[in-house]
Amino acid sequence: MSEKITVRAAGPEDSAVIAELVHGLLAEIMPADKLKSQAELEAATHRLWREGPGFAAYLAETPAGEAVGVLTLTEMCAIFALGCFGEVTELYVTPPWRSAQVGEQLLDQAVRHAKRQNWTRLELTAPDETAQGAQRAYAFYNRIGYETAGPRLKISI
């Protein structure tokens, strides 16, 4: 792509665009029967903006204002991390813009955000190593300096 992408901080007014991009991400990585609707994701985005400190989002846009990528961050705190740190909770770049350094620009913005917050580190979750596209994702994250820190588990509440 020859167009220059800019990355900007998003706000509550961008909730619909954020939800649309996160829906695209989830559609690629989860079974259709588990996929939340775009309306549910937009409501969740609005709720995150209201519920307090620690949530941030960034959008990557073309000069025409088309959103082609999103990154969301949440503040976490742990003794092992020696204080508060950030977690990249969603990172998505639309397929036509992959390999155009959009993800790298979004993650660079996340590092700048982390430094402003005085976080001790930045973490993210990558796809399971057996998932489609996982090798590409791991190669990308490793190339820009991320290290594997182990698997994560969850329970829905």
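- Note: the hydrophobic cluster containing Ile5 also contains Val111 (ILVMFWY, side chain heavy atoms under 4.5 Å, direct or indirect links).
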>> Go through it in stages, so that I can follow the logic: the residues are Arg121 and Phe80, the test is side chain to side chain contact (heavy atoms under 4.5 Å, CB included), and I'd like the CA-CA distance, side-chain angles, deciding distance and then a yes or no.
In response: CA-CA 11 Å; Arg121 64 203 269 167; Phe80 73 82; 3.8 Å; yes
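- In the hydrophobic clustering of this structure, Tyr138 does not group with Leu25; members are Ile, Leu, Val, Met, Phe, Trp, Tyr whose side-chain heavy atoms approach within less than 4.5 Å, directly or through other members.
- The cluster map of Ile, Leu, Val, Met, Phe, Trp and Tyr, joined by side-chain heavy atoms under 4.5 Å apart, puts Ile144 and Val70 in different clusters.
- Taking CD of Glu87 as the start and OG1 of Thr125 as the end, the distance is 5.0 Å to the nearest 0.5 Å.
- The two atoms that bring Ala81 and Thr120 nearest to each other are O-OG1, 2.7 Å, heavy atoms only.
- Summarising the geometry, atom OH belonging to Tyr58 is positioned 12.0 Å from atom CG belonging to Leu107; distances are rounded to the nearest 0.5 Å.
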> Given the rule in the side chain to side chain contact (heavy atoms under 4.5 Å, CB included) test, do Glu66 and Val68 qualify, once you have shown the distances and angles that lead to the verdict?
Replying inline: CA-CA 6 Å; Glu66 176 192 2; Val68 297; 4.0 Å; yes
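- Between Tyr141 atom OH and Arg136 atom CZ the span is 11.0 Å, to the nearest 0.5 Å.
- Linking Ile, Leu, Val, Met, Phe, Trp and Tyr residues whenever their side-chain heavy atoms come within less than 4.5 Å leaves Ile29 and Leu124 in two separate clusters.
- Tyr92 and Leu41 fall within a single hydrophobic cluster, where Ile, Leu, Val, Met, Phe, Trp and Tyr side chains are chained together by heavy-atom contacts under 4.5 Å.
- In this structure a side-chain-to-backbone donor-acceptor pair under 3.5 Å is present from Glu40 to Ser37.
- Counting heavy atoms from C-beta outward, Gln135 and Phe140 have side chains that stay 4.5 Å or more apart.
- Ser15 and Arg47 are not linked by any side-chain donor-acceptor pair at a separation below 3.5 angstrom, with hydrogens and angles left out of the test.
- With salt bridges taken as basic N to acidic carboxylate O contacts below 4.0 Å, one links Arg98 and Glu28.
- No side-chain heavy atom of Thr89 sits less than 4.5 Å from a side-chain heavy atom of Leu73.
- Glu42 and Thr45 share no donor-acceptor pair across their side chains, judged by distance under 3.5 Å alone.
- Considering every non-hydrogen atom in both Gln38 and Ala19, the closest pair reads O-CB, 3.9 Å.
- For the residue pair Ala57 and Ile18, the shortest heavy atom distance occurs at CB-CD1, 3.8 Å.
- Atom CD of Gln117 sits about 11.5 Å away from atom CG of Leu122, to the nearest 0.5 Å.
- To the nearest 0.5 Å, atom CD of residue Glu61 and atom CZ of residue Arg8 are 4.0 Å apart.
- Atom CD of residue Gln109 and atom CG of residue Leu71 lie 9.0 Å apart, to the nearest 0.5 angstrom.
- Partner of Leu21 under the side-chain contact (heavy atoms from CB on, under 4.5 Å) criterion, out of Leu26, Leu59, Val93: Leu59 alone.
- Thr72 places a side-chain N or O within donor-acceptor distance of the main-chain N or O of Glu90, the cut-off being under 3.5 Å.
- Glu104 CD: more than 12 foreign heavy atoms inside a 6.0 Å radius.
- Under a 3.5 Å cut-off, the side chain of Asp14 and the backbone N or O of Gly11 do form a donor-acceptor pair.
- Proximity of Phe85 to Glu75: side-chain heavy atoms (C-beta onward) are nowhere separated by under 4.5 Å.
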> Under the side chain to side chain contact (heavy atoms under 4.5 Å, CB included) criterion, do Glu147 and Asn142 qualify, and how do the steps go?
Replying inline: CA-CA 6 Å; Glu147 302 170 350; Asn142 292 154; 5.9 Å; no
